[in-house]
Amino acid sequence: MSGASLEAHGARREGEPAPARILRAMPSLFRVGFASAIAYRAEFLVWVLATNMPLVMLLLWTAVAREAPVGRFGEAEFVAYFLATLIVRMLTGSWVVWELNFEIRQGTIGMKLLRPIHPLLVYATDNLAALPLRALVSLPVAAIALWWVGHGQLASDPMLWIVAPIAIAGAWAMTFCATSFIGTLGFFWDSSMSLFQLWLGFFFVFSGYIVPLELLPAWLYDVVRWLPFRYLLSFPVEAMLGLVDRDEALVALAIQWAYVAAFLALALWTWKRGLARYSAFGG
Amino acid sequence: MISVKHLVKHYRVHSRPPGLGAAVRSVFRRNYRTVPAVDDISFEIAAGERVGFLGPNGAGKTTTLKMLAGLLHPTSGEAIVAGHRPAARERDFLRSIMLVTGQKQQLLWDLPPAETFELNRAIYDVPRAEFRRTVDELTELLELGPLLGKPTRQLSLGERMKCELAAALLHRPKVLFLDEPTIGLDVTMQAGVRSFIQDYNERHGATVILTSHYMDDVAALCPRVIVIDQGHITYDGALDELVRQIQPEKRVTLRLSAPIARADLDALGGRVLSLDEAQARLQVDVSSLRGIVAQALARLPVADLTVEDPPLEEVLAGLFARSRMAAAAGRE
């Protein structure tokens, strides 16, 4: 190393647009994120086990449906629905709200702010890098589900099978952006986690996590269809199982990605405002 | 490299008296007071300088460092670091600086330091060949070899700090802010970190700003010190000049080959700090140092003699006491 080379690092690829640098960094960010996911395998397994609510609901609703179908849901339909719910939940969960809350309160977020990359992008790649592990857990479940409930319960329209993965990606993006927004409120408000608890409460009821949304009273279903929660979970499940027709699925997809854009804008805006406040008050 | 003009940082702090009544009242009406953490400081630091920020707890050292690193926005005044306004946190600014703190770490806790190095390589966009060279050199200088593959959580405090320093230097920052980098380290490790920082500064001409409670760090590393007390700069200049100004006395230690009487020591002049059978210590004004040393050697059974400055802690305690008295006098 020499004094001259000190300049060389600083001056490297000056003028190059930031996205090109970020793209170049992505493989390493994913690789290190994956290594982290493996290092935290014990916590990961606990998280997987804690995501057992759809299985509990599966047992509950199939018991109910044994007597008589509920709407168009018989036993097999409930099994397929809650297994699909489990898969989507596994693939779209995000713990960024906990990480943000912890790092803001501890002041360790400062170390992330020193790096020339947006911390939310680092959290996002970290989160996505854990996907292969999550898939390892959820894909065998999907295979068992296919074998058990048969093809009859899955969407037959090939268009819906194009929509489903985009809807799952959208559900992840919405979850990440919405929970980033709530976590970022920690810059302003010590009790941002209580808002998250409230969000979680609505999520459980209105996302289709504990009951298929179409079984809600009609007036409530009409409201819930426009709330964000449906697009976090129920919509990808509906697409996978063919519970929506092609036209409705495309409209829902548009609504979902509009929500992604809105929550992203909200998260970035609160981040900017929060950072200004954090920089004024100290961390 | 660093230019600071009339920099001010005031914190607005919520305050309430103790007790249930006050707690209930504070729900409806909160009282705030303004605390001046940094109050109108100005200084210039040239490229390649090593400067120590000294001051008691709460003096404003870390606040100043955080403002220079872009983590805190100043209330008023201006700071320019490596040609950038830190508060704007531009990408090129962040690539030019690094802040290492003994209190918070950037190493990934459950992964080996090598993974954090790779992450930093990607984030700072360091070409692989240069990265390899830098890692090899830092590994050799800091003796990191056996540490790179161990999970960070299994490293000792000193080992972690060495890896923190290496992670911070991979992109070769032009300005290095060090906040208490040797806190909690044992004496050997402190000396190792110090000599590494000096080496890095001398090889690459990086500017180094250091805060430390260990005066040995400052004495070993920083030819120039800026003393901050109660948000003000009370001294900015050479360390040895500070010692001369505040404590114009030297400490003379005599190792004795035979016991002596207290009266013989008193007769030399100066202030006797201690006397036992084997050793005597005197505090002597610089102007009479030569005469006293000559007399001691002529009259007393001296086996060895050393002349030193008083400990830096005492010098600073004197400086802080002096500035507080001046502030109190100003208020009256």
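Throughout, a chain's letter reflects where its sequence line sits, starting with A, and its residues are numbered from 1. The model shown is predicted, which means the values in this text are computed figures rather than measured ones.
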(request) Mind telling me whether Phe204(A) and Tyr209(A) have parallel, tilted or perpendicular rings, with 30° and 60° as the class edges? (result) parallel
(message) With a 6.0 Å cut-off (strictly less than), is the heavy-atom count around CD of Gln197(A), excluding the residue itself, greater than 12?
(response) yes
(message) Please classify the contact of Ile123(B) with chain A as side chain, backbone, both or neither, using a heavy-atom distance under 4.5 Å.
(response) both
(message) Once you measure the plane-to-plane angle for Phe229(A) and Phe206(A), does it fall in the parallel (<30°), tilted (30-60°) or perpendicular (>60°) bin?
(response) tilted
(request) Heavy-atom distances under 4.5 Å only: say whether Leu275(A) touches chain B with side chain, backbone, both or neither. (result) side chain
(request) Side chain from CB out, backbone as N, CA, C, O: work out which of these in Thr116(B) comes under 4.5 Å of a heavy atom of chain A, or both, or neither. (result) side chain
(request) Please work out whether the ring planes of Tyr124(B) and His171(B) are parallel, tilted or perpendicular, with thresholds of 30° and 60°. (result) parallel
(message) If you compare all heavy atoms of Leu233(A) against all heavy atoms of Pro236(A), which two are closest, and at what distance to 0.1 Å?
(response) O-CD, 3.0 Å
(request) Below 4.5 Å from any heavy atom of chain A, which atoms of Gln105(B) appear? Answer side chain, backbone, both or neither. (result) backbone
(message) Counting only non-hydrogen atoms closer than 4.5 Å, does Met98(B) touch chain A with its backbone (N, CA, C, O), its side chain (CB onward), both, or neither?
(response) side chain
(request) Flag the pair Arg132(B) and Glu137(B) as a salt bridge only when some basic side-chain nitrogen lies within less than 4.0 angstrom of an acidic carboxylate oxygen. (result) no
(message) Just so I understand: if I count every heavy-atom pair under 4.5 Å between each of Ala35(A), Ala276(A), Pro27(A) and chain B, which residue has the most?
(response) Ala35(A)
(message) At a 4.5 Å cut-off on heavy atoms, which part of Leu108(B) comes close to chain A: side chain, backbone, both, or neither?
(response) side chain
